Structures are given as structure tokens and as C-alpha cells.
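The structure under discussion appears below in the form of C-alpha cells.
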Amino acid sequence: SFHPAQFSSVFSNFSGLTMIYRIMIETKMFTFLPLLVLILLGQGSSESIKNKTVIDDSKQAKALSVFNIVSFPNSACGATSGYNGTCYTASECTALSGTASGTCASSFGVCCVFSIACGASSSQNNSYAIITSYSVSSDSDPCTYTFCKANSDVCKLRIDFDTMVLADPEGISSTAAYTDGPKVGDCATDTLTVSNPGGSAPPIICGTNTGQHMFVPASDNCNKINIDIDTGSTGTTRKWQIKISQFKCGDAMSPGQDCLQYHTAQTGTIASFNWDISSTTVSTSQYHLSNQDYNICIRRARKKCEICYTPKIYSITTGIASSYGVGSSSVAATQTASISVATCTGVTTQATSTSTGLGVGDFLEIGNSQAPPTTAGTVNANSRICGVLWNVASIAGTTQSTVCSFVKPFKILVHFDEDEAIHANPGTATANLDKGENDPLATTGAGYGYSGFWLTYFQNEC
């Protein structure tokens, strides 16, 4: 016989992710058991309650003397297609206009993938916007996607550019000219913008941004991604795969309010927008974007108190550029590291001759930055670094190095202004390296002053 104590024991386990109760009915309790379960779960064959799907097949139970209940959360799942999805029943997935791709919840659910077209909207977690090859003749221009909160508990949206290739920003002319300076890094052909109703919008981006991401506050009015294409320009095969993930308030995997990017690994890489991270060398046509102001934040790992950065492509050899270049040299005749607020002012002066101009409008800022060997108690006022050599040594460095900081939270401020200081004949301007950003020699592994950064970071024990 089935006793009340057994009934209590079975239902005490109803807090698991997937629960299956199979009770063989042999006594008069057959009459009351379905009623008790319906009271607990609510009637219906399949429904979602607070991000959980409940399946009640009590009708079949009456016929087979078997009673089954299945409950599973509508959580993230890995689809067989390679995308991320959300676990729903097959009928829910169809009703929500998703695509079933594999199973989840011990095969009681399907991994439901959501992908929207230009002009459409989605309130589902793990939604995609995908165009594998943009057609200037048939695809929408502009292409706008709208993403809304799944529920009121959502505070952040993470926008992952799994693939993102648009037209490149403006660059230096085939024959460099002083007039190139105001336009280098401008997104003059294609643009991607992200809305942040009620707050500051992220910077405008273009070019190649595969592997990059952004976090934005999830708005009650929804957030829009707008991709504006110059359909008269056909020199670029534009394509994108954008994934939108939703994070609840207080989620440890989402950042604070002032972080556009948030890296959670103990070691990894960070790069300026439009850095092609698939390349193993630094091209002279690698340009950072104009008008960029944002923070890159890195989650501090347990028992780690220091973070250090070094160029991902590291060179001390003349002619082989490193993956860091944000401005001009601090010394006229020698390629030398540029540090401090006094040097990296944030204001570019346009060049009109080989002896004019000042390329100090761009910089990175790392609190209390130090050169190895480092100590937690050392105070260094030189938090800003610009120029083409990643080095903050007290005696101005002439090669690439490592930069570290004990300041917490771990964060880098990125500031790129609207201009670059470009020399018309950079090969003849070696005596004025502090004036222009386009020194082609890559002296002792120096980067190109207009290229931006691609850095490796790692954390050290306390």
C-alpha cells in the first residue's frame, strides 16, 4: 500500500531542476492523488510559471495507473546547431516563434533558438541577429533590431559580436597628407550604434569587431541596435552574428554601471574596437576608431591583488610593430614611451608640417600603474599612457614592457579623441617623432600611433 509518509517523502523533493514522480496506484488514494497534485501545480498540460515549465500528464496516469509530473526551468541550453538557446517544451518553442535544436531537461524539453530579422524585436534571453552576407540590393538599410527585457528582474544586456564585419573606418591616404589627420578612424561608410535610453550611448563602431562585446543597461523602453550601411560601397563583404544575453540584477557575471566591457577570466586579452584579432602581425592599415570613451573592466579572481598587461603582439625589433600604438613619442628624436597627464593631455594638435602637430589626444588610463618589479604600497601618479611604447618606467622607456596595477576594481579607461596627427612625409620626420603618429619604422618594436591596442592581461597573487 502507498502510505502518507511515502507521499510526503516524494513531494519533499519537488525543488530539483527536473523531477519525475512515478507512483503505482494500488489503493483508494487513486481518487485523491490527481487532485492533490493539481492543487500543488495548477491545472494544465504544459505551462511556464516564473521561468519554469511544468508538465502534468495526469490524464494518461488515470488510464495507466501511472502518474508523472515534470518541472524544469527555462534556462540557457546548448543547441545542436551550435547556438545558445532556452529550454522550453516543443509547443512553447513553436508558440514563441523559436526553432527547436536538440533537447534539454532530460529530453522533456527542446533547446529553443531565437533569431530575428531586421526590423524585428525579441524579449527572449540568448536571442540572435544574423546576416551571413549582407546584400546592398535586398537587405534592409538601415537594419534595426530591438531587444526588450524578458522580465522586470533583468538589469543588463550583453551584446556579443560573435561575427561583425562592416566597412573599415577612414585611413591614411596612399600618399600620406596632413589633411588625413581629422578623418583617420572615422566611421564614414558604415556605422553600428546601440541605444541606451536615459543614459550615455556606447561609442559608434565600424570595421572588424568579431569577438568584441558590450554591456548596456536593459531599458524598460527596450534597446535598439542600428546598423547603417552605405549601399553605394560594395568593397566589403558585410556580415554579422550578434547574440543578446540578459542578466538579472546583481548577477556576478555582469559588471557595474560604468563598464562597457567586462572580462571574467583570470587571464585573457582586450582590444580596441576595430582591431582584427585574427591577424598575427600589425598592419599599417590597422586603425582605432575616433571618439571612443569607455571603461574595460576585469573581474578580480579570488586571492588575486594585482593585474598586469603586455602587448599581445610583442616586439623589440625595429620594423616589426607591436600591438600597441596610441599617439606619438614623448621625445622628438627618439621613439620613447609617453606617460602622465601632462604628456597625454587628451587633445590632438593637427600637423601642418614635419615640425608641427602633437599626437597626444588619445590615451589609456590605469590607476597607479607601475613597471615591474612592483609593490602594493608604491604610489605612482602616472596613470595615463599614450604613445607607441607600452612602458611606464620612471626613466622613459625605449622598448615595450609590462604595465601593472594594484588598484581595484581592475579597470582601464579608454579615451580616443576625434583626430590624429598625421605627417605627410613621415620618413623624413624622424627628428620630430613627438609631432606625428604615423612613424613607419616601428623603431625597437614601437607600434603605429593610430592603430590602438591589443593587450594580454594576467592576475597575480596577493
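Because the structure is predicted, anything quoted here is derived from the model rather than measured.
Checked for salt-bridge contact, Lys411 and Asp258 meet the test: a charged N lies under 4.0 Å from a carboxylate O.
Taking the six-membered ring for Trp and thresholds of 30 and 60 degrees, Phe215 and His213 have ring planes more than 60 degrees apart, a perpendicular arrangement.
Screening Asp439, Thr284, Asn438 for a side-chain contact (heavy atoms from CB on, under 4.5 Å) with Tyr448, the sole residue that qualifies is Thr284. Paired with Tyr324 under the rule side-chain contact (heavy atoms from CB on, under 4.5 Å), one option of Val388, Leu364, Asn391, Val282 passes, and it is Leu364.
Between Phe273 atom CZ and Ile204 atom CD1 the span is 12.5 Å, to the nearest 0.5 Å. We find the CH2-NZ distance between Trp275 and Lys312 to be 12.5 Å, quoted to the nearest 0.5 Å. Remark: Tyr450 OH to Asp180 CG distance equals 10.5 Å, nearest 0.5 Å. Here the OH-CG distance, from Tyr294 to Leu413, works out to 10.0 Å after rounding to the nearest 0.5 Å. Here the CG-SG distance, from Asp228 to Cys206, works out to 11.5 Å after rounding to the nearest 0.5 Å.
Not a single ring-ring contact (aromatic ring centres under 6.0 Å, His included) links Phe410 to another residue, sequence neighbours left out.
Cys104 has its SG atom within less than 2.5 Å of the SG atom of Cys87.
Remark: the Ser369 side chain and the Ser405 side chain contain no N/O donor-acceptor pair separated by less than 3.5 Å. Side-chain atoms of Glu306 and Thr374 include a donor-acceptor pair closer than 3.5 Å.
Residues Phe147 and Ile159 have side chains not in contact (no heavy-atom distance under 4.5 Å, counting atoms from C-beta outward).
Aromatic ring centres of Phe108 and Phe72: separated by at least 6.0 Å.
Within the structure, side-chain hydrogen bond (donor to acceptor under 3.5 Å, both in side chains) contacts touching residues 154-168 (residues at least two apart or in different chains) are Arg158-Asp160, Asp162-Gln241.
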Check your understanding: Does the side chain to side chain donor-acceptor pair (under 3.5 Å) test come out yes or no for Asn382 and Ser340, once each step is laid out?
Key -> CA-CA 4 Å; Asn382 295 330; Ser340 80; 4.5 Å; no
